[in-house]
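Read the structure below first, then the notes.
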Amino acid sequence: MKIAWGITGAGHFLCESFEIFKKLKETAANLKVTAFVSRAGEEVLRMYGLADELCRISPGSYLEECFFEREQGASIPKAGRFLLQKYDALIISPATSNTTAKIAYGIADTIVTNAVAQAVKGGVPVFIVPVDIAGTIESKMPFFIDREICMRCEICPPAENCPNRAITDQIDLLKCIGCGLCVRLCSYGAIRGGLARLKVRDADAKNVRILRELEGITVLDNPQGISGIVAKSMQKLKY
Ligand SMILES: Cc1cc2nc3c(=O)[nH]c(=O)nc-3n(C[C@H](O)[C@H](O)[C@H](O)COP(=O)(O)O)c2cc1C
């Protein structure tokens, strides 16, 4: 089975999405996954230390490539694969509120939103896991320095040893690769991740409702729903 996986810049559901795809790759024989990664997606997955994981899921051979929006032209020619029927399904997980809004209103100006547009036009089933569905959510955060705890040591082992020189008096998340070395090196426990509680905006919840009504698109309430979809499609397609 050949799946296209759209990754956007959401921290919420990101690790869970990777876990699901990792497990699928381990258990489903003949599963090929091509990753279509938005600009923000590329940055955020690096912050959460998932760049190497992505290379293991989509190692680079034909139909197992990683396509990064940063490297694609504005017209996203790789999205043409959906019109050529190269994939059995397109799964967007996680989908930011930004990407969800764009899809809801027919905008196709990023690698992920354009993939959705071409997939629907090509009759390829699309499954989307939006992050902001309703109520309140708890999201895993990237690493940060807790200033209440930081002792401002003259020699700061996390800063000295950061492989990407991402630490000064704060962590530059655009340089951070989420390796967690700094967390282990700070004797005071001043660097950590953690959870943030967020309220879902009415506008974002409304966009998810719009998505549920769109042709060719199925909304999944969490990444765990992906395994069932893949198993069902494999049965139907007799893989
Ligand atoms: C660490 C981090 C985590 C983020 N998590 C989320 C999130 O969970 N949901 C969301 O809608 N946006 C989140 N964002 C903001 C998006 O990355 C931003 O809106 C971006 O423009 C989305 O672009 P895309 O939809 O093309 O991927 C996060 C940004 C950062 C830096």
Side-chain angles (χ1 to χ4, degrees), residues 4-19 35-51 53-54 66-76 78-79 90-119 126 128-145 164 166-167 170-180 182-183 191-211 217 219-223:
W5 176 22
I7 304 171
T8 67
H12 192 58
F13 282 160
L14 186 63
C15 297
E16 291 89 339
S17 302
F18 269 76
E19 275 306 309
F36 289 77
V37 189
S38 77
R39 263 174 198 275
E42 185 179 357
E43 292 173 2
V44 171
L45 72 85
R46 201 186 308 123
M47 291 169 204
Y48 287 80
L50 294 166
E53 203 62 70
L54 183 62
C66 295
F67 294 133
F68 295 104
E69 181 171 346
R70 177 181 50 84
E71 298 168 350
Q72 300 289 316
S75 56
I76 330 262
K78 290 297 177 199
L90 168 62
I91 300 171
I92 314 298
S93 183
T96 57
S97 49
N98 173 61
T99 288
T100 300
K102 287 184 174 184
I103 297 168
Y105 288 94
I107 296 168
D109 65 351
T110 65
I111 195 166
V112 172
T113 55
N114 197 20
V116 171
Q118 304 314 317
V126 178
I128 301 181
V129 182
V131 291
D132 289 344
I133 297 184
T136 307
I137 56 173
E138 281 208 328
S139 267
K140 191 174 169 226
M141 291 194 301
F143 297 123
F144 69 98
I145 301 174
N164 249 21
I167 304 174
Q170 51 188 301
I171 299 179
D172 181 345
L173 286 177
L174 291 177
K175 289 186 182 163
C176 174
I177 53 167
C179 67
C182 53
V183 177
I191 303 183
R192 58 186 173 89
L195 294 174
R197 273 176 82 78
L198 317 169
K199 180 188 166 316
V200 173
R201 298 182 303 176
D202 289 348
D204 296 329
K206 183 177 159 218
N207 289 333
V208 175
R209 290 197 292 277
I210 294 174
L211 224 57
I217 291 177
V219 172
L220 303 175
D221 288 340
N222 53 57

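Both counts, for ligands and for their atoms, begin at 1 and track the order of listing.
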**Request:** Decide, yes or no, whether a salt bridge links K102 with D109 under the criterion of side-chain N to carboxylate O below 4.0 Å.
**Result:** yes
**Request:** For side-chain contact (heavy atoms from CB on, under 4.5 Å), just list the numbers for V44 and L50, CA-CA rounded to whole Å, side-chain angles, deciding distance to a tenth of an Å, and then say yes or no.
**Result:** CA-CA 9 Å; V44 171; L50 294 166; over 6 Å; no
**Request:** Mind checking the CG-CD1 spacing from D221 to I128? Nearest 0.5 Å is all I need.
**Result:** 12.5 Å
**Asked** OG1/T113 to CZ/F36 distance, rounded to the nearest 0.5 angstrom?
**Response** 12.5 Å
**Request:** Nearest 0.5 Å please: distance from the CZ atom of R46 over to the CG atom of L174.
**Result:** 7.5 Å
**Asked** Rounded to the nearest 0.5 Å, how far does SG of C182 lie from CZ of F144?
**Response** 11.5 Å
**Complete:** Chain-and-number sorted residues having a heavy-atom contact under 4.0 Å with ligand 1 are T8, G9, A10, G11, H12, S38, A40, V44, M47, Y48, T96, S97, N98, T99, V131, P142
